[in-house]
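Structure record follows, encoded as structure tokens.
First listed ligand is number 1; within each ligand, the first listed atom is number 1.
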Amino acid sequence: MRSFSFGARVLAGATGISATFMAGGLAKDKYNQYQASPIISTTPTLAAVARDAVKGPFSLKAEASSAKERTFIMIKPDGVQRGLVGDIIKRFEQKGFKLVAIRMMAPGEAHLREHYADLAARSFFPGLVKYMASGPVVAMAWEGENAVKTGRVMLGETNPRDSKPGTIRGDYCITVGRNIIHGSDAVESANHEIGLWFRDEDVCDWKPCQEDMVYGDN
Ligand code: RTP
Ligand code: MG
């Protein structure tokens with residue numbers, strides 16, 4: 001069992017941050033790729049501080065411990081460039097979902113082709129990969145009851161034109177080619193995507209002090 005120090009928990013719960021990362025991560029080769037990226041200039045020291053801050057009664061593992069689901073949410077390059085990271089994180093925190101992994105990174109086209117592999121035959125695929133590789137993204141895993149389906153509802157429709165006001169895409173963007181955020185479309189794809197973007201040890205199993213106020217039967 002490992003845990004986060006106060007400092008790491010502050011990072012984990014931060015709202016309004018525009019560009020941060022913490023104990024998220026990729027497989028080692030992806031991590032090395034990330035470190036070598038010309039797009040991101042995060043110092044290894046800060047990454048080491050976040051990792052070294054893990055000490056205490058919280059376990060780190062890839063799959064949710066209860067019936068609660070985990071979903072993979074990613075703020076796309078346009079969302080990052082437009083300064084929407086904090087607003088998007090705030091929506092998931094306010095809903096009551098629990099952040100279990102987060103990382104800002106520039107994954108590169110090969111990783112993005114793998115992430116969107118099911119769309120490889122679509123005409124927009126090359127443009128999608130180029131757009132997704134155009135700048136840093138913020139990759140996250142969020143946990144909670146019905147997190148996958150509810151996450152998709154919070155995102156809105158793929159095309160912002162069809163997204164209702166109050167949804168993220170409905171409120172913050174206009175065209176399908178710049179729709180600012182990705183969300184897993186099923187539990188299976190969520191688990192696959194979390195495994196693609198994070199190492200097991202970078203996903204944090206922790207109990208928020210507010211949990212009994214978010215979940216309860218009467
Ligand atoms: P995402 O995977 O990013 O959460 O989006 P989604 O499930 O709502 O939609 P999906 O069909 O998986 O499409 C993935 C992303 O491809 C881009 N796209 N461009 N006609 C187009 O130009 C077009 N269609 C889709 C969008 O960025 C979409 O979110
Ligand atoms: Mg999709």
Side-chain angles (χ1 to χ4, degrees), residues 19 21 24 26 30 34 39 62 64 68-95 97-198 203:
F21 71 94
L26 290 175
K30 298 289 187 327
Y34 155 75
I39 298 174
K68 292 179 186 132
E69 296 170 1
R70 286 175 177 167
T71 189
F72 178 70
I73 300 291
M74 172 171 44
I75 304 171
K76 298 179 179 181
D78 45 339
V80 174
Q81 293 288 346
R82 292 179 54 202
L84 298 174
V85 173
D87 286 346
I88 290 170
I89 290 176
K90 188 177 182 67
R91 288 184 178 222
F92 282 84
E93 283 190 326
Q94 284 185 328
K95 177 69 178 170
F97 288 141
K98 178 171 72 175
L99 183 63
V100 293
I102 181 169
R103 182 166 198 174
M104 186 182 199
M105 52 183 297
E109 291 195 5
H111 188 74
L112 291 162
R113 275 194 289 273
E114 196 174 349
H115 172 77
Y116 279 124
D118 59 322
L119 300 174
R122 305 294 295 271
S123 59
F124 58 80
F125 183 73
L128 170 62
V129 171
K130 193 171 170 208
Y131 147 58
M132 289 297 300
S134 67
V137 300
V138 175
M140 297 175 279
W142 289 89
E143 181 182 307
E145 281 184 15
N146 297 310
V148 173
K149 188 172 178 191
T150 302
R152 292 282 289 192
V153 172
M154 290 169 66
L155 262 59
E157 301 300 320
T158 303
N159 193 328
R161 188 179 53 196
D162 304 323
S163 300
K164 290 188 171 60
T167 65
I168 293 168
R169 288 168 174 163
D171 286 350
Y172 295 126
C173 51
I174 296 172
T175 66
V176 70
R178 296 291 182 272
N179 64 357
I180 75 165
I181 189 166
H182 161 83
S184 306
D185 58 11
V187 173
E188 297 71 26
S189 49
N191 291 334
H192 170 73
E193 289 168 359
I194 290 169
L196 189 61
W197 289 81
F198 295 103
V203 180

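Side-chain contact of E157 with S163: a donor-acceptor pair under 3.5 Å is absent, judged by distance alone. T150 and N146 share no side-chain donor-acceptor pair at under 3.5 Å.
When every heavy atom of G170 is checked against every heavy atom of T167, the shortest pair comes out as N-OG1, 2.9 Å. Scanning all heavy atoms of the two residues, the minimum distance from A147 to T71 falls at O-CG2, 3.7 Å. Contact between F97 and E145 at its shortest, heavy atoms only, is CE2-O, 3.6 Å.
Neither the backbone nor the side chain of R122 has any atom closer than 4.0 Å to an atom of ligand 1 (non-hydrogen atoms only). At a heavy-atom distance under 4.0 Å, only side-chain atoms of L128, from C-beta outward, approach ligand 1. If you look at R152 next to ligand 1, the close heavy atoms, those under 4.0 Å, all belong to the side chain. Of the heavy atoms in N179, only side-chain atoms (C-beta onward) come closer than 4.0 Å to ligand 1.
Taking atom 12 (O) of ligand 1 as the reference point, the nearest protein heavy-atom neighbour is L119 CD1, 3.7 Å. Taking atom 26 (C) of ligand 1 as the reference point, the nearest protein heavy-atom neighbour is V176 O, 3.4 Å. Regarding atom 1 (P) of ligand 1, its nearest protein heavy-atom neighbour is H182 ND1, 3.1 Å.
In the candidate list Y116, F72, F124, F125, F124 is nearest to atom 20 (N) of ligand 1, counting heavy atoms. Taking only non-hydrogen atoms, the option from L155, T158, I180 nearest to atom 8 (O) of ligand 1 is T158.
Interface of G183 with ligand 1, defined as ligand atoms under 4.0 Å from a residue heavy atom, comprises 4 (O). Within ligand 1, counting atoms from 1 as listed, the ones closer than 4.0 Å to a heavy atom of R169 are 1 (P), 3 (O), 4 (O), 5 (O), 8 (O), 29 (O).
For the pair D171 and R91, the minimum side-chain heavy-atom distance is below 4.5 Å.
Taking the centre and axis of the six-membered ring of Y172, the NZ or CZ atom of R82 falls outside the cone set by 45° and 6.0 Å.
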F72 vs H192, ring pair (Phe, Tyr, Trp, His ring centres under 6.0 Å): CA-CA, chis, key distance, verdict: CA-CA 9 Å; F72 178 70; H192 170 73; over 10 Å; no
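A salt bridge is absent between K68 and E143: the closest approach of a Lys/Arg side-chain nitrogen to an acidic carboxylate oxygen does not fall below 4.0 angstrom.
Remark: distances from the non-hydrogen atoms of K76 to ligand 1 include one below 4.0 Å. A heavy-atom separation below 4.0 Å is not found between R178 and ligand 1.
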